[in-house]
Amino acid sequence: MKPFVIVISDKGGAGKSAVSRLIADYLVENKTPAVLVDGDGEVGQLVKFYGERDENGRLKSKQTPGTGVMQFALHGSEADREKITSILDLNASLIVCDFPAAGLNVLEKLQKSLGLIDDIKSEGYT
């Protein structure tokens with residue numbers, strides 16, 4: 001089974017992004033391959049600290065899975081939220097997602113509309 005880690009809480013300021021960054025720090029330090037995902041939409045903490053940058057130090061608009069940070073807006077449009085299902089197509093050995101505040105309600109809606117948790121499980125993730 002492959003780990004699919006979602007750092008989530010309905011409360012803002014609970015330390016979700018700090019926990020996500022600690023996990024990412026550990027993975028980077030130990031050279032553990034993982035796909036990092038930031039659900040904040042704009043430049044969230046994972047993108048800010050681990051996103052791929054160009055030669056001028058600016059974040060690249062297109063991030064490479066496993067090297068940069070995949071991103072989508074959990075609180076954005078339905079089409080944007082559906083991007084998370086494409087992450088499953090990467091068949092990564094480890095996925096770490098940092099979701100923004102009030103994410104539990106959206107995650108519940110994604111399960112009802114897309115069967116997201118069922119899809120995660122069916123792809124061999126725990």
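These numbers were taken from a predicted model, which means no experiment stands behind them. Note: hydrogens, waters and symmetry copies are ignored here, and every other heavy atom, side chains too, is used.
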Problem - Residue pairs, two or more places apart or on separate chains, that pass salt bridge (charged side-chain N to carboxylate O under 4.0 Å, His left out) and touch residues 94-110 - result: Glu108-Lys112
Practice task
Might you point out which heavy atoms bring Asp38 and Leu46 nearest each other, and give the distance in Å?
Solution key: OD2-N, 3.1 Å
Practice task
Name all residues meeting the salt bridge (charged side-chain N to carboxylate O under 4.0 Å, His left out) criterion together with Lys31; count only those two or more places apart in sequence or in a different chain, and write none if there are none.
Solution key: none
Practice task
Would you check if Leu94 and Val35 make a side-chain contact, meaning some heavy-atom pair closer than 4.5 Å?
Solution key: no
Problem - Heavy-atom check, side chain of Met70 versus side chain of Leu36, under 4.5 Å - result: no
Handout entry: Side-chain heavy atoms of Val37 within contact of Ile95, under 4.5 Å
Key = yes
Handout entry: CA sep, side-chain torsions, deciding dist, call: Gln71, Asp40, side-chain contact (heavy atoms from CB on, under 4.5 Å)
Key = CA-CA 7 Å; Gln71 56 191 92; Asp40 208 7; over 6 Å; no
Practice task
Report yes if the side chains of Leu107 and Gln111 come closer than 4.5 Å at any heavy-atom pair, otherwise no.
Solution key: no
Problem - Of all pairs that satisfy ring pair (Phe, Tyr, Trp, His ring centres under 6.0 Å), the ones with a partner from residues 97-126, not counting sequence neighbours - result: Phe4-Tyr125, Phe72-Phe99
Handout entry: Heavy-atom pair with the smallest gap, counting every atom of Gly103 and Leu74
Key = CA-CD2, 3.7 Å
Problem - Partners meeting side-chain contact (heavy atoms from CB on, under 4.5 Å) with Ala101 (sequence neighbours left out) - result: Lys16
Problem - Polar contact flag, side-chain donor to acceptor under 3.5 angstrom, Asn91-Glu123 - result: no
For residues 53-61, which side-chain N or O atoms pair as donor and acceptor with protein atoms under 3.5 Å away, sequence neighbours left out?
residue	atom	partner	partner atom	Å
Arg53	NH1	Gly57	O	3.0
Arg53	NH2	Lys48	O	2.6
Asp54	OD1	Asn56	N	2.8
Asp54	OD1	Gly57	N	3.0
Asp54	OD1	Arg58	N	2.9

Practice task
Look at the side-chain heavy atoms of Ile, Leu, Val, Met, Phe, Trp and Tyr, link any pair under 4.5 Å apart, and say whether Leu104 and Leu110 land in one connected group.
Solution key: yes
Problem - Phe49: side-chain contact (heavy atoms from CB on, under 4.5 Å) partners, not counting sequence neighbours - result: Arg21, Gln45
